Amino acid sequence: MPAPPFLTPVEDSVPKVNNEIAIGENLDFQRKWWRLERAVWSLFLLILICDLLGLFGRGWLSKATRATPDNTLKLDYERIERADTPSIMTFHFGPNAIHNGRIQLYVSESITRPLGAQRIAPEPLISAVGDAGNTYTFAATNAPATVQIELEPSFPGAHDFTVQVPNEPPINAKVFVVP
Amino acid sequence: MAIFVILRAVFGYLFLVLMVRIVGRRPGKQLTPFEFVLIFYLGGLTLTGMVGNEVSLTNAVTQIITVALCHYILAALRYRFDAVAQLLDGTPLILLEHNAWRAETLAQMRIQDDDVMDMARAQGIKDLSGIDTAVLEAFGEITIIKRDDNDAEER
């Protein structure tokens with residue numbers, strides 16, 4: 001014989017309006033919710049404005065430029081990047097960077113990982129590893145000369161990097177990757 | 001990393017729950033084409049961020065299980081705590097009672113008298129004077145309680 005079902009008596013648990021209809025309206029809660037909704041819509045608007053300005057990458061505020069004192073190396077990059085989204089880091093070389101038709105560029109390992117270097121244009125003649133980074137050698141004629149590295153960072157967070165033309169002061173900077 | 005796959009799924013689910021709750025309920029028994037666009041578009045956009053470039057079956061199964069677990073936990077909390085139920089579903093709201101509109105509720109919920117009359121007609125009520133109480137339910141439908149004939153005579 002099957003066990004009897006569990007039964008509990010029906011109680012007047014849903015609040016009534018005017019003691020007539022059980023509706024369960026809670027206007028106090030709803031007024032608080034409407035206030036919260038207005039605050040959230042304002043927050044959404046603020047997020048969109050920040051996004052348009054580039055606070056979450058790919059905009060005006062995210063662009064950055066660093067250079068050595070004598071402009072031997074000038075670097076254009078995005079200080080705020082988005083994860084798994086391509087971006088370009090551009091190196092501009094002055095006349096002092098070219099020696100015997102060659103330009104050498106040292107980039108720290110963080111450019112490869114976690115900032116995710118995908119491609120270098122133009123292709124370097126020589127890539128050498130060491131000193132916690134890579135040193136690329138490019139064929140060059142006269143200044144101005146430009147090299148680009150395509151990045152696609154995978155790891156959110158703040159990442160430091162260093163780039164340097166040998167015998168010149170290094171450029172140290174930080175990239176913040178948003179998810 | 002595996003943990004990011006799970007965190008992305010949790011975030012995507014909770015963010016969509018918040019968005020759908022904030023965008024608000026609209027009266028009606030079925031989704032309008034306008035709401036279909038919203039739901040599918042939100043879902044599609046969330047999917048892009050949740051999956052990322054990890055398109056393996058393992059990733060899909062893990063994320064589906066994560067979303068199912070999140071849903072189970074929210075449903076359990078909703079059953080256990082009235083406060084959670086109110087947060088997730090909202091509360092029924094009276095739109096009209098005893099011949100008076102609740103103007104604040106109508107304005108905040110962006111509901112017009114036409115919306116109430118639509119539902120009233122479906123019950124064979126000819127005009128607004130035939131309505132005793134109109135309630136916007138937590139699930140978005142407008143419930144109409146007819147005025148008793150005796151009631152109408154008294155008033």
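Model, not experiment: these values are computed from the prediction. All chains are named by letter (A, B, ...) in the order of the sequence lines, taking the proteins before the strands, and each is independently numbered beginning at 1.
- For a residue to count as touching a neighbouring chain, one of its non-hydrogen atoms must lie under 4.5 Å from one of that chain's; by this rule Asp84(A) touches chain B with the side chain only.
- A donor-acceptor pair is defined here as one N or O able to donate and one able to accept, closer than 3.5 Å; no such pair exists between the side chain of Glu25(A) and the backbone of Leu93(B).
- Pairing each heavy atom of Gly24(A) with each of Pro92(B), the nearest pair is O-CD, 3.7 Å.
- The environment of Arg82(A) atom CZ is dense: over 12 non-hydrogen atoms of other residues, nucleotides or ligands sit within 6.0 angstrom.
- Side-chain contact between Glu37(A) and Gln108(B): absent, with no pair of heavy atoms (C-beta onward) separated by less than 4.5 Å.
- Looking at Lys32(A) and Gln86(B), their side chains never come closer than 4.5 Å, going by heavy atoms from C-beta outward.
- Only the side chain of Phe44(A) comes within contact range of chain B, judged by heavy atoms closer than 4.5 Å.
- The environment of NE2 in His71(B) is sparse: at most 12 heavy-atom neighbours from other residues, nucleotides or ligands sit within 6.0 Å.
- The 12-atom threshold is exceeded at CG of Asn172(A), counting heavy atoms of other residues, nucleotides or ligands nearer than 6.0 Å.
- The number of heavy atoms from other shown groups lying within 6.0 Å of CG (Asn167(A)) does not exceed 12.
- Leu73(A) and Tyr106(A) sit in two unconnected hydrophobic clusters of ILVMFWY residues. Membership requires side-chain heavy atoms under 4.5 Å apart, directly or through other members.
- In this structure, Thr91(B) contributes its side chain and Phe29(A) its backbone to no donor-acceptor pair below 3.5 Å.
- With respect to chain A, the highest number of heavy-atom pairs below 4.5 Å among Leu87(B), Thr143(B), Thr133(B) belongs to Leu87(B).
- With contacts defined as side-chain heavy-atom distances shorter than 4.5 Å, the pair Trp34(A)/Glu104(B) qualifies.
- Neither the backbone nor the side chain of Leu36(A) comes within contact range of chain B, judged by heavy atoms closer than 4.5 Å.
- In the displayed structure, Asp131(A) atom CG is contacted under 6.0 Å by at most 12 heavy atoms of other residues, nucleotides or ligands.
- Between chain A and the options Thr105(B), Ile145(B), Leu18(B), Val135(B), heavy-atom pairs under 4.5 Å are most frequent for Thr105(B).
- Both Val23(B) and Phe15(B) are members of a single hydrophobic cluster when ILVMFWY side chains are connected at heavy-atom separations under 4.5 Å.
- Hydrophobic clustering (side-chain heavy atoms under 4.5 Å, transitive across Ile, Leu, Val, Met, Phe, Trp, Tyr) keeps Val17(B) apart from Val20(B).
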